[in-house]
Amino acid sequence: MQFSCCHDTHSIVSFVVLVSLLFTPIISSKDFREKNGTSIAGNKSKNMKLINAQLRKINKPFVKSIKSPDDDIIDCVLFHLQPAFDLPELREKISLIQVPELPKTHAKAGTNSEIKQLWHSKGESCPNGTIPIKRTTASDISIFKSAKKYSRKNLVSANYEHATGYVQGEFHGANAELNVWKPYISSNDFSRSQIWVLSYVGANLANSVEAGWEVYKDSRPRLFIFWTADGYQSGCYNLVCSGFVQTTQKFSLGSAIDPVSTYNGVQCHVAFMIWKDPKSGDWWLKVGTEVIGYWPKSLFTSLQGNATTIEYGGEVYSHDLADNHTTTQMGSGHFPDEDFKKAAFIRKLAVIDQHNELKPVSNLNLFAPRPNCYDVRKGRGNPDIWGDYIFFGGPGYNPNCL
Ligand SMILES: *[C@@H]1O[C@H](CO)[C@@H](O)[C@H](O)[C@H]1NC(C)=O
Ligand SMILES: *[C@@H]1O[C@H](CO)[C@@H](O)[C@H](O)[C@H]1NC(C)=O
Ligand SMILES: *[C@@H]1O[C@H](CO)[C@@H](O)[C@H](O)[C@H]1NC(C)=O
Ligand SMILES: *[C@@H]1O[C@H](CO)[C@@H](O)[C@H](O)[C@H]1NC(C)=O
C-alpha cells in the first residue's frame, strides 16, 4: 500500500519566461537587511564586512516579499534580475531560453507528486514575471562557507560520510524518487539525500550537478542544488552565487519542504530529474511536476559532454568527527534493514542516455565505508512503484559507531 501526502497531479510542464513586470516598482532589500539578520550593523570586523558585501550582491531587489512560517524571507525577484544574469555571457542569452525537451520514457505513464514548500502553505505566491528566492542571511553564508563539498573519491577530508548507490558509464542525466525526512542534526552539521550527476576526467572529479533535500541548522529538510566546475575547489549552492537559471515561479531553492515523512506513518516522496537538453546542451532540473530551471552548459568543462557517474543516496557533513562520532542522522536516522516507512529510500533509480531516453539503472554498486554508522542496501520491486531502489541511512553515533 502506497501513501503519499503530496498532491498527485499529472505531469504538466509549465514554463513561461515573462519580462512583463519591467516597470513594477522595486523595493530595495536594504531596509530589511538589518531587521532580518542579513546584515550585521556596526560590525567593523573584516570578516563581517566581506559577508555584508557578499549579501548585498546576492540579495536582489524584489517586487514583493513573503515571510514563511519558519521565518525565512522569500523575495519575489524579476526573472531577469536573478543572480545568474550577473554573468554577462548568460545575460546576453535571456531572450533565447527555450522549453527543454523532456526525456522519453517507455514506462507506464504514472502520476507524479508535486513538492510542497512551507513558504506558500498559506496560499502566498510570487507574481507573474518574478521568481521566488530565499533571502540569504549572514549565517547561511558562514555555514555554507565552512561546509565545502567533496565527492566520494576526493574524500581526503574526514568530515564527510556517505551511503550511496552508483553507476558508471556515459550518461545525459538521472531520475529518481526520494522520500523526505527530518533527521536530527548536531550543531553545524549537514545531512543530505540527493542525486549526483558527476563527470570524472581520469580518476579526478571535474564537474558535478546535484540536487535533493538537505537539513542544517533548524532540522527542516530544504530543497537544494549544488554545482562545481573545478572538482569542488569552488562550488555553489542554490542561487547563492551566479550560475543556475531559475525558471519556476512556484518553488524556492533553499526553502523548507513540508510535509515530510513520519516514522511508521505517512511517507512523502518527490521525484528529481536532472537531464541534458538535447537541443541546447544545458542541464535542466525538474522536481516533482515542475521544471525548476537549468545550469547553462557554458558553466562547465567536462559536463559539456557526458556525465560519467550517477550516484544516489545520503551524505553527512560534520565539522567535528575528531572525538566521538557525530550524532547527526542520515535519511530517517534508521538503518536500511528497517525497510519501508522506517528507513529513507530512493527508488525508480533511472539514468538518461545519449538519446534522451530514461532507462532503469543496471549494475548498481553500493558504497558505505562505515556501515555501522550509515548503511545502504539495494533491491528491485514492481517497476511502476519501486523499480530499482536503495534504502539507506542510520543514526550516526551508537555503540558500534564511536
Ligand atoms: C563582529 O563579528 C565578529 C566576527 O564574526 C564577532 O566575533 C563579533 O562578536 C561581532 N561583534 C558584534 C558587535 O556583533
Ligand atoms: C499569470 O500567468 C498565468 C499563466 O499565464 C495566467 O493564467 C494568470 O492570469 C496570470 N496572472 C496575473 C495576475 O496576471
Ligand atoms: C558520450 O558518450 C557517447 C556514448 O558512449 C559517445 O559516443 C560520445 O562520444 C561521448 N561524448 C563525449 C563528448 O565524450
Ligand atoms: C563520548 O561518548 C562517551 C559515551 O557516551 C562519553 O562518556 C564521552 O564523554 C564522549 N566524549 C566526548 C569527547 O564527547
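When a ligand or atom number is given, it counts from 1 through the structure's own listing order. Quick note: numbers below take in every heavy atom, side chains included, and nothing from hydrogens, waters or symmetry partners.
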Heavy-atom neighbours of N382 CG exceed 12 at 6.0 Å
yes
For the residue pair E290 and F251, establish whether any side-chain heavy-atom pair is separated by less than 4.5 Å.
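Heavy-atom side-chain distance check passes, below 4.5 Å.
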Among residues at least two apart in sequence or on other chains, which ones pass side chain to side chain donor-acceptor pair (under 3.5 Å) with K134?
D140
With sequence neighbours excluded, tell me which residues meet side chain to side chain donor-acceptor pair (under 3.5 Å) with Q117.
W119
List the residues meeting ring-ring contact (aromatic ring centres under 6.0 Å, His included) with F244, not counting sequence neighbours, and say none if there are none.
W295
Say you draw a straight line from CH2 of W283 to CD of Q304; how long is it, rounded to the nearest 0.5 Å?
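Here the interatomic distance stands at 11.0 Å.
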Give the residues near ligand 3 by chain and number, with the criterion being a heavy-atom distance under 4.0 Å.
E170, G305, N306, Q354
